[in-house]
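Heads up: numbering here begins at 1 and tracks the sequence. In this text the structure is predicted, and so the values were computed from the model without any measurement.
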Amino acid sequence: MFPRISRLGARLLRESRAETRAGNLLSSRGILYQGHVNRHSTPVMTPTVLSLRNVLLSTATSGEQDESSQPKDKISVTFVNKDGSEKTISVPVGMSMLEAAHENDIELEGACEGSLACSTCHVIVMDVNYYNKLEDPADEENDMLDLAFGLTETSRLGCQVIAKPELDGMRLALPVATRNFAVDGYVPKPH
């Protein structure tokens with residue numbers, strides 16, 4: 001049995017290398033080989049079989065991918081301040097708008113530091129098409145939004161708006177006031 005598996009393994013290894021170059025990683029022979037080894041209670045793992053197993057169970061990439069097929073690492077977001085001035089920033093995918101605002105010195109308060117315990121990071125998504133691309137707000141977010149000053153149909157909490165590629169170009173307006181139940185005139189320290 002050992003010589004048969006070794007011969008079969010060597011042949012399949014040669015064929016799999018040729019098929020890998022052609023882009024077809026698993027052939028019907030490779031599947032038969034896996035079934036043959038799996039039927040035995042103690043499969044023989046020679047170096048040839050081990051290397052073949054790694055070839056058969058790995059995925060091949062060409063290393064050359066089209067840039068359009070790669071996900072974007074950052075998106076562009078424009079914040080419209082209370083006075084109407086605008087600031088466009090680059091936001092890493094996966095980061096909340098609250099974090100992005102704090103990193104870029106935009107006056108978005110965030111008194112609870114993103115724990116869904118306040119409404120001070122209230123933002124208004126200026127384009128309903130972008131608003132519709134966001135996930136629906138959770139009940140906890142809706143509860144906090146009920147406390148927000150100047151609530152609109154496209155209001156969200158900045159801590160719950162997470163950057164993703166389809167939000168590239170989104171514009172967020174900061175409301176003219178927030179309701180912070182701390183002390184009037186309190187200015188939070190940057191995080």
Side-chain angles (χ1 to χ4, degrees), residues 20 23 25 54-55 57-191:
T20 300
L25 191 57
N54 290 338
V55 169
L57 298 179
S58 66
T59 58
T61 59
S62 65
E64 299 174 20
Q65 294 181 350
D66 184 13
E67 282 187 27
S68 63
S69 68
Q70 293 180 348
K72 290 184 100 174
D73 293 339
K74 293 188 175 189
I75 64 169
S76 174
V77 177
T78 301
F79 283 87
V80 180
N81 292 311
K82 299 169 189 177
D83 62 2
S85 64
E86 297 184 4
K87 184 172 185 180
T88 301
I89 63 172
S90 184
V91 182
V93 171
M95 179 181 275
S96 76
M97 295 302 117
L98 176 62
E99 292 172 300
H102 286 176
E103 285 187 6
N104 289 279
D105 298 322
I106 296 171
E107 292 185 29
L108 184 59
E109 191 172 333
C112 74
E113 299 181 3
S115 64
L116 275 173
C118 74
S119 63
T120 59
C121 66
H122 170 218
V123 294
I124 300 165
V125 181
M126 297 184 73
D127 184 343
V128 72
N129 292 323
Y130 283 108
Y131 181 83
N132 291 333
K133 292 177 183 179
L134 297 171
E135 293 183 23
D136 290 335
D139 290 340
E140 295 86 359
E141 181 180 359
N142 281 328
D143 291 344
M144 290 297 113
L145 280 170
D146 288 341
L147 304 173
F149 180 84
L151 189 66
T152 70
E153 289 293 318
T154 59
S155 289
R156 292 297 298 265
L157 295 180
C159 64
Q160 299 302 302
V161 178
I162 308 300
K164 54 186 180 177
E166 51 268 26
L167 298 179
D168 189 32
M170 179 172 61
R171 293 169 45 88
L172 300 173
L174 303 180
V176 294
T178 61
R179 287 193 178 136
N180 185 350
F181 296 106
V183 179
D184 284 343
Y186 171 75
V187 178
K189 295 177 184 170
H191 305 289

* Taking atom CD of Glu153 as the centre, report whether more than 12 heavy atoms of other residues, nucleotides or ligands fall under 6.0 Å from it. => no
* For the pair Asp168 (side chain) and Ser76 (backbone), establish whether a donor and an acceptor sit closer than 3.5 Å, ignoring hydrogens and angles. => yes
* Under 3.5 Å: donor-acceptor pair, side chain of Asp127, backbone of Asn129 -> yes
* Structure fact -> Here the pair of heavy atoms bringing Leu108 nearest to Met97 is CD2-O, 4.2 Å
* Asked: What distance separates Asp105 CG from Lys87 NZ, expressed to the nearest 0.5 Å?
  -> 5.5 Å
* Structure fact -> Correct closest heavy-atom pair for Pro137 and Arg156 would be CA-NH2, 3.7 Å
* Within-4.5 Å side-chain heavy-atom neighbours: Glu86 and Arg171 -> yes
* Side-chain heavy atoms of Thr120 within contact of Cys112, under 4.5 Å -> no
* **Smallest separation among heavy atoms of Ile75 and Pro165, with atom names** => CG2-CA, 3.9 Å
* Between CG on residue Asn142 and OG on residue Ser155, distance to nearest 0.5 Å -> 10.5 Å
* To do: May I ask you to decide if Phe149's main-chain N or O and His122's side chain share a donor-acceptor pair within less than 3.5 Å?
  => yes
* **Separation between OG of Ser115 and CD of Glu140, rounded to the nearest 0.5 Å** => 11.5 Å
* First locate atom CD of Glu113, then atom SG of Cys121, and finally report the distance between them rounded to the nearest 0.5 Å. => 11.5 Å
* So do the side chains of Glu107 and Asn81 get within less than 4.5 Å of each other, counting heavy atoms only? -> no
* Evaluate the side-chain proximity of Val123 to Leu174: yes if any heavy-atom separation is below 4.5 Å, no if none is. => yes
* **Any donor-acceptor pair under 3.5 Å from Thr154 side chain to Val125 backbone** => yes
* Find out whether Met170 and Lys133 are in side-chain contact, i.e. whether some heavy atom of one side chain is under 4.5 Å from a heavy atom of the other. => no
* To do: Inspect the surroundings of CD in Glu166 and state if more than 12 heavy atoms from other residues, nucleotides or ligands are less than 6.0 Å away.
  => yes
* Can you tell me how far the CG atom of Leu172 sits from the OH atom of Tyr130, to the nearest 0.5 Å? -> 10.5 Å
* Of all the heavy-atom pairs spanning Gly114 and Leu98, show the shortest one and how long it is. => N-CD2, 3.9 Å
* Structure fact -> Rounding to 0.5 Å, atoms CG (Asp146) and CE (Met144) come to a distance of 8.5 Å
* To do: Locate the shortest heavy-atom distance separating Ser96 from Cys159; write the atom from each residue and the value.
  => CB-O, 3.6 Å
* Identify the heavy atoms of Glu141 and Leu157 that sit nearest to each other, and give their distance. => OE2-N, 3.0 Å
